[in-house]
Amino acid sequence: MQTVKKDALLKKYHLKPVLPKHVAIIMDGNGRWAQKRHLPRIAGHRAGAHSIRELVRLAGELGIEALTLYAFSTENWKRPPQEVRLLMQLLKQYLRNEVKELLQNNVRLQTIGNRKDLPGEIQKELEKSIQATAHCTGLTLVLALSYSGRADITNAVKQIAAQVKSGKLKVDSITEKMITSALSTSDLPEVDFLIRTSGEVRISNFLLWELAYSEIYITKTLWPDFKTKSFIEALKDFQGRQRRFGGVTNIIGSFTKWAR
Ligand code: IPE
Ligand code: IPE
Ligand code: MG
């Protein structure tokens, strides 16, 4: 059933069958979207939250395994308290309203980042939603909340250092794989595609280790305007890329397997 739907969508949007397994998105530009309309910044965040529903459903239907959305960085706590408060309120509303939709679409919710930084009621709401969707086998939706790539790597280093200290691990035996496994994203497939909206050409402390060989797509479209059409355009761009991983040419849409 799922494959029939996927095939129909590939045909409808003229996509090739090879899609990224794990798409990560820096959802940026809500403030500018609102400013352009002479609205308060929160109106942009509200419109941005609406974009998420459409893309989550589409990503699931296309058989993408994981979608990681940068929703709030550790640096975003520096914003005016009023904006932070309203963002947290929006997150609560999103969780309350969306669980039903996530279940209907067989989407499993997860988070990365320091959940303990969030208000208690949001932590509870998150736990409820994560539990409610734990059995879902389709798309994994990962919300990056109070997330910092550097903090995640620092945390991994601490875990490994503790093993060295206890004598379980030798310094010379530390591998890249161990670091990857100690990160909060360890259960997810490699991030093969990063999208950033609103035209900023930077990573802003997102998935620093995981993006080593991701294809990067930056669009001037502001996040609240980034809907199905924009996502399909981005996927088409991905399908036209040559992934080399430091080796020789390998075109994504050509059905050949690339070496890892
Ligand atoms: C992204 O939009 C949402 C969050 C960071 C929470 P912004 O609020 O950063 O929007 P701009 O960059 O000011 O337009
Ligand atoms: C990155 O956007 C964080 C999120 C989208 C949640 P920012 O707007 O916070 O990043 P900078 O300030 O442009 O680097
Ligand atoms: Mg921004």
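On a predicted model such as this, the values are computed, not experimentally measured, just so you know. Both counts, for ligands and for their atoms, begin at 1 and track the order of listing.
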*Asks:* R41 heavy atoms, cut-off 4.0 Å: which ligand 1 atoms fall inside?
*Replies:*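 Counting atoms of ligand 1 from 1, those under 4.0 Å from R41 are 7 (P), 8 (O), 10 (O), 13 (O).
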
*Asks:* Distance only, no hydrogens: is a donor on one side chain within 3.5 Å (strictly under) of an acceptor on the other, for R85 and Q82?
*Replies:*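 Short answer, yes.
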
*Asks:* For atom 2 (O) of ligand 2, grab the closest protein heavy atom and report residue, atom and distance to one decimal in Å.
*Replies:*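 So the nearest neighbour among protein heavy atoms is R196 NH2, 3.7 Å.
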
*Asks:* Looking only at heavy atoms, is any part of K36 under 4.0 Å from ligand 1, and if so is it the side chain, the backbone, or both, or is it neither?
*Replies:*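 It is neither; nothing of K36 touches ligand 1.
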
*Asks:* Take atom NZ of K236 as the centre, draw a 6.0 Å sphere, and report whether it contains more than 12 heavy atoms from other residues, nucleotides or ligands.
*Replies:*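 Atom NZ in K236 is crowded, with more than 12 foreign heavy atoms closer than 6.0 Å.
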
*Asks:* On the six-membered ring of W77, is R79 placed so that its NZ or CZ lies under 6.0 angstrom from the centre and within 45° of the ring axis?
*Replies:*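 Not satisfied by the 6.0 Å and 45° rule.
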
*Asks:* Can you tell me how far the CG atom of L95 sits from the OG1 atom of T111, to the nearest 0.5 Å?
*Replies:*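 L95 CG to T111 OG1: 10.0 Å, rounded to 0.5 Å.
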
*Asks:* Check for a donor-acceptor pair, side chain of D152 on one end and backbone N or O of S148 on the other, with a separation under 3.5 Å.
*Replies:*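 Absent.
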
*Asks:* Looking only at protein heavy atoms, identify the closest one to atom 1 (C) of ligand 1 and say how far it is in Å.
*Replies:*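 Result for atom 1 (C) of ligand 1: M27 O, 3.1 Å.
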
*Asks:* Once you restrict to heavy atoms under 4.0 Å, what part of F72 touches ligand 2? Side chain, backbone, both or neither.
*Replies:*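 It is the backbone that gets close, since no side chain atom is under 4.0 Å.
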
*Asks:* Check I216 against R241 and note the closest heavy-atom contact, atom names and distance.
*Replies:*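 Scanning both residues completely, I find the closest heavy atoms to be O-NH2, 2.9 Å.
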
*Asks:* G29 near ligand 1, heavy-atom distance under 4.0 Å?
*Replies:*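 It does, in that a heavy atom of G29 comes within the 4.0 Å cut-off of ligand 1.
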
*Asks:* What protein heavy atom lies closest to atom 14 (O) of ligand 2? Include the residue and the distance to one decimal.
*Replies:*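 Checking every protein heavy atom, the shortest distance to atom 14 (O) of ligand 2 gives S204 OG, 2.6 Å.
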
*Asks:* Give the numbers and elements of all ligand 1 atoms closer than 4.0 Å to a heavy atom of A71.
*Replies:*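 Answer for ligand 1: 6 (C).
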
*Asks:* Counting only heavy atoms, which portion of S73 has something under 4.0 Å from ligand 1: side chain, backbone, both, or neither?
*Replies:*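 Near ligand 1, S73 shows nothing, with every heavy atom at 4.0 Å or more.
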
*Asks:* Which is closest to atom 9 (O) of ligand 1 by heavy-atom distance: R79, H45, E75?
*Replies:*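 It is R79 whose heavy atom sits nearest to atom 9 (O) of ligand 1.
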
*Asks:* Going by the atom numbers of ligand 2, which of them fall below 4.0 Å from some non-hydrogen atom of R202?
*Replies:*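 That gives atoms 11 (P), 13 (O), 14 (O) of ligand 2.
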
*Asks:* Listing by chain and number, what protein N/O/S atoms are under 2.8 Å from the Mg ion (ligand 3)?
*Replies:*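 Sorted hits: D28 OD1.
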
*Asks:* Using distance alone, decide if ligand 1 has a nitrogen or oxygen within less than 3.5 Å of any nitrogen or oxygen in R32.
*Replies:*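 Yes.
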
*Asks:* Would E200 count as being in polar contact with ligand 2, using the rule that some N or O on each side must be under 3.5 angstrom apart?
*Replies:*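 N/O-N/O distance under 3.5 Å: no.
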
*Asks:* Go through the structure and list residues passing ring pair (Phe, Tyr, Trp, His ring centres under 6.0 Å) with F231, not counting sequence neighbours.
*Replies:*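 Partners of F231 under the ring pair (Phe, Tyr, Trp, His ring centres under 6.0 Å) test: none.
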
*Asks:* Can you report which non-hydrogen protein atom sits closest to atom 10 (O) of ligand 1, along with the distance?
*Replies:*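 Looking at atom 10 (O) of ligand 1, the protein heavy atom closest to it is G31 N, 2.9 Å.
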
*Asks:* Using every non-hydrogen atom in the two residues, find where I174 and I160 come nearest and quote the distance to one decimal.
*Replies:*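 Distance-wise, the nearest heavy atoms are CD1-CG2, 3.7 Å.
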
*Asks:* Does the plane of the ring in F193 sit parallel, tilted or perpendicular to the ring in F238? Use 30° and 60° as the thresholds.
*Replies:*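 The rings of F193 and F238 sit tilted, inter-plane angle from 30° to 60°.
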
*Asks:* Does any donor atom in the side chain of R108 or T140 lie under 3.5 Å from an acceptor atom in the other side chain?
*Replies:*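 Yes, T140 and R108 have a side-chain donor paired with an acceptor closer than 3.5 Å.
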
*Asks:* Where on L222 is there a heavy atom closer than 4.0 Å to ligand 1, on the side chain, on the backbone, on both, or on neither?
*Replies:*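 Answer for L222: neither.
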
